[in-house]
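Only heavy atoms go into these numbers, but all of them, side chains included; no hydrogens, no water, no symmetry mates. Chain identifiers are assigned alphabetically (A, B, ...) following the order of the sequence lines, protein sequences preceding nucleic acid strands; residue numbering begins at 1 within each chain.
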There are 2 protein chains.
Amino acid sequence: MSEGHHLKTHCIQLVPIFQNLETEEMERIASLSHVQTYDKGDMIYHAGEEENFLYIVHKGKVKVTRLMENGKEQLLRILESGDFMGELALFTKNIHDSYAESSSPTELCVITREDFQEILAKHPEISMKVLEEVSHRLSQAEKLMTQLSAQDAEIRIASYLLDLAEEQHTNNIVLPMSKKDIASYLGTTQETLSRKLSSMQEKGWINQKGHRHIRLLEKESLFQITHS
Amino acid sequence: MSEGHHLKTHCIQLVPIFQNLETEEMERIASLSHVQTYDKGDMIYHAGEEENFLYIVHKGKVKVTRLMENGKEQLLRILESGDFMGELALFTKNIHDSYAESSSPTELCVITREDFQEILAKHPEISMKVLEEVSHRLSQAEKLMTQLSAQDAEIRIASYLLDLAEEQHTNNIVLPMSKKDIASYLGTTQETLSRKLSSMQEKGWINQKGHRHIRLLEKESLFQITHS
DNA sequence: CGATTAGTTGACTGTGTTCAATCGCGGTGG
DNA sequence: CCACCGCGATTGAACACAGTCAACTAATCG
């Protein structure tokens, strides 16, 4: 078994949607995928290109963004180990409407449309897993949409901090990306985010340590402003 | 065959996800669903309730909204004949985080979580159809997200008008909902929408007739502003 | 045709963006 | 381990956009 093959099996094993499969089936699927590596900053695909592959993140982080008509970019999501993208490719010859950029050294498992369709036909239970994941993301996207149109930036930021705290099970949160990216995700600018965080710190609600660490001191106050 | 049963079969037949099934299978599925009717303004479900059913719209319109933390409502989508909602119920005992309201006399086919899971297990091709629909909606939601964070309301409105024109294959567009709802959908207020439309009319770009009809006179100009 | 609801318009205010200058964290090499 | 440099982050000032509240008008339905 080649090093490469071993790597691919490993890649497939990692992914929630392929769990609960027989080992030999997993090997067969692995043999259909191939591994691609990217350095930080490399583009994985561009808007306008044909969408022909399902990408599964094995290692690293991938940033998916969309260019707004006015030229600014909106961060849609960050993929980490086990996440996938490109599921729309399954159905029709689509055109990407977003950009995917590796934001750290990254390893992806890539499967062609045809191969993945075949896999799904053979393993219906996988399509349920994919459906579950996509449904969940839709729900998330709708949540974010609601937040984006809450005009008050402070509310969006407070919400986001509380979400992070819950996700990370601690009040000492580590920002998963740069403040620039967070601002883009929250539909505001770096400057506004910075100002709001400073003002929260002045009020004693949070404590910023370095560029990526925030300690939540008064969750209750943060929660309050999201509800008025 | 009772009138009720006949109705249900009809309801199931309408829906894209159940197409390409044998007649008897369709009848079996129909027998698992039951029909619910609502008047304009009736609530179908509330946020906070358990999500136990898949709802398929047979007739009428359903408005799905989300309450923002600050108390305002964001319109997520409008369902029409053949659309469905509640697919998240398939996977776990979820809680609704949105409100569904009938916005005209409406007939729904309702299927319980258990029954629908059983149907999917028997007909894997249906889960592919559901996946296709959900993927498509995710893509739409991401598009809307991008639009929502375009700070300029005029851009969002122009984009929306152009989308409608494309959807309806004409420059004489009919608004699919009230201006109040459109404003909510676009993340702005009734007043701002009204002002922007008036200003577009002054510039000679559009022509409003009554409350729901708009003729696009200078699509090119509308397109231009969305790209700066 | 009249009532009721939807939409329009005006004046004011507040928040966030923009552009530009400066700061300081954190990684790199000595 | 410390000093340096570059980029991310912060801060300031001016302006403009859109939200709010309130009064008014127009359209649609029975």
Side-chain angles (χ1 to χ4, degrees), chain A residues 39-41 63 68-75 103-105 147-158 160-161 174-202 206-214 225-226 228, chain B residues 39-41 63 68-75 103-105 147-158 160-161 174-202 206-214 225-226 228:
Chain A
D39 288 332
K40 175 172 177 168
K63 214 166 83 173
M68 304 203 264
E69 283 90 348
N70 65 17
K72 262 183 253 167
E73 76 172 35
Q74 162 77 30
L75 197 154
S103 72
S104 71
Q147 283 195 8
L148 283 176
S149 60
Q151 69 291 20
D152 203 335
E154 195 165 37
I155 293 178
R156 278 172 281 165
I157 295 167
Y160 181 70
L161 293 179
V174 181
L175 301 181
M177 42 189 169
S178 71
K179 290 193 179 164
K180 200 189 207 163
D181 284 343
I182 291 174
S184 159
Y185 184 69
L186 296 177
T188 183
T189 58
Q190 206 177 161
E191 293 95 328
T192 300
L193 175 59
S194 183
R195 274 185 254 273
K196 292 300 179 191
L197 288 177
S198 298
S199 108
M200 287 178 183
Q201 185 154 17
E202 267 173 37
I206 64 171
N207 200 337
Q208 301 188 68
K209 269 269 151 72
H211 278 167
R212 294 220 166 184
H213 296 261
I214 297 180
I225 67 158
T226 65
S228 71
Chain B
D39 288 333
K40 175 172 178 169
K63 214 166 83 174
M68 304 203 264
E69 282 90 347
N70 65 17
K72 261 183 255 168
E73 76 172 34
Q74 162 78 29
L75 197 154
S103 72
S104 72
Q147 284 195 8
L148 283 177
S149 62
Q151 69 292 19
D152 202 335
E154 194 165 36
I155 293 178
R156 279 172 282 165
I157 295 167
Y160 181 69
L161 292 179
V174 181
L175 301 181
M177 42 189 169
S178 72
K179 290 193 177 161
K180 201 188 207 163
D181 284 344
I182 292 173
S184 160
Y185 184 69
L186 295 177
T188 183
T189 57
Q190 206 178 162
E191 293 95 327
T192 300
L193 175 60
S194 182
R195 273 185 256 272
K196 292 300 179 189
L197 287 176
S198 297
S199 108
M200 287 177 183
Q201 185 154 16
E202 267 173 36
I206 64 171
N207 199 337
Q208 300 188 69
K209 270 266 151 72
H211 278 168
R212 294 219 168 184
H213 296 262
I214 297 180
I225 67 158
T226 64
S228 70

- Note on the structure: When every non-hydrogen atom of Gln208(A) is compared with those of Leu197(A), the smallest separation belongs to NE2-CB, 3.5 Å
- Please state how far atom CG in Leu193(B) lies from atom C1' in dG7(C), giving the value in whole angstrom units. 10 Å
- Message: Would you say Thr189(A) places a side-chain N or O within less than 4.0 Å of OP1 or OP2 belonging to dT17(C)?
- Response: yes
- Query: With nearest nucleotides of DNA chain C determined for Arg156(A) and Met177(B) from heavy-atom distances, which residue corresponds to the more 5′ nucleotide?
  - Reply: Met177(B)
- Could you work out which one of dT9(C), dC25(C), dT18(C) sits closest to the side chain of His211(A)? dC25(C)
- Note on the structure: In this structure, OG1 of Thr189(B) is separated from NZ of Lys179(B) (nearest 0.5 Å) by 13.5 Å
- Query: Within the distance-only criterion (no hydrogens, no angle test), does the side chain of Ser194(B) pair as donor or acceptor with the backbone N or O of Gln190(B) below 3.5 angstrom?
  - Reply: no
- Query: Any N or O donor-acceptor pair linking the side chain of Arg195(B) to the base of dG10(C) at under 3.5 Å?
  - Reply: yes
- Query: Nearest of dG16(C), dT17(C), dA20(C) to any side-chain atom of Glu191(A)?
  - Reply: dA20(C)
- Item | Whole angstrom value for the distance that separates C1' of dG7(C) from NZ of Lys196(B) | 17 Å
- Can you tell me if NZ on Lys180(A) sees more than 12 non-hydrogen neighbours from other groups inside 6.0 Å? no
- Indicate, with a heavy-atom threshold strictly under 4.0 Å, whether Lys72(B) touches base, sugar-phosphate, or nothing. sugar-phosphate
- Can you tell me how far P of dT4(C) sits from NZ of Lys180(B), to the nearest Å? 17 Å
- Euclidean distance, atom CD1 of residue Ile206(B) to atom C1' of dG7(C) [Å, nearest integer]: 14 Å
- Task: Using whole Å, report how far CG of Leu175(A) lies from C1' of dC25(C).
- Result: 14 Å
- Task: Output yes when at least one side-chain N/O atom of Lys179(B) is less than 4.0 Å from OP1 or OP2 of dT8(C), else no.
- Result: yes
- Message: When you measure from the side-chain N and O atoms of Gln190(A) to the phosphate of dT17(C), is any distance below 4.0 Å, counting only OP1 and OP2?
- Response: no
- Query: Sub-3.5 Å donor-acceptor pair from the side chain of Ser184(A) to the main-chain atoms of Leu75(A), do we have one?
  - Reply: yes
- Query: Minimum heavy-atom separation for Ala183(A) to Leu193(A), with atom names?
  - Reply: N-CD2, 3.9 Å
- Between Ser149(B) and Gln74(A), do the side chains contain an N or O donor and an N or O acceptor separated by less than 3.5 Å? yes
- Quick one: Asp152(A) CG to dT13(C) C1', roughly how many Å, whole number? 14 Å
- Task: Scan Gln208(A) against the nucleic acid and name what it touches under 4.0 Å (heavy atoms): base, sugar-phosphate only, or nothing.
- Result: sugar-phosphate
- Nearest whole angstrom, please: distance from the P of dG24(C) to the NZ of Lys209(A). 16 Å
- Kindly say if Thr192(A) contacts the phosphate of dT15(C), meaning a side-chain N or O under 4.0 Å from OP1 or OP2. no
- Within this structure, what is the CZ-to-C1' distance between Arg212(A) and dG27(C), rounded to whole angstrom? 13 Å
- Does Val174(B) offer a backbone N or O that forms a donor-acceptor pair with the side chain of Arg212(B) under 3.5 Å? no
- Message: Under 4.0 Å from a heavy atom of chain B: give me the 5'-most and 3'-most nucleotides of DNA chain D that qualify.
- Response: dA18(D) to dT28(D)
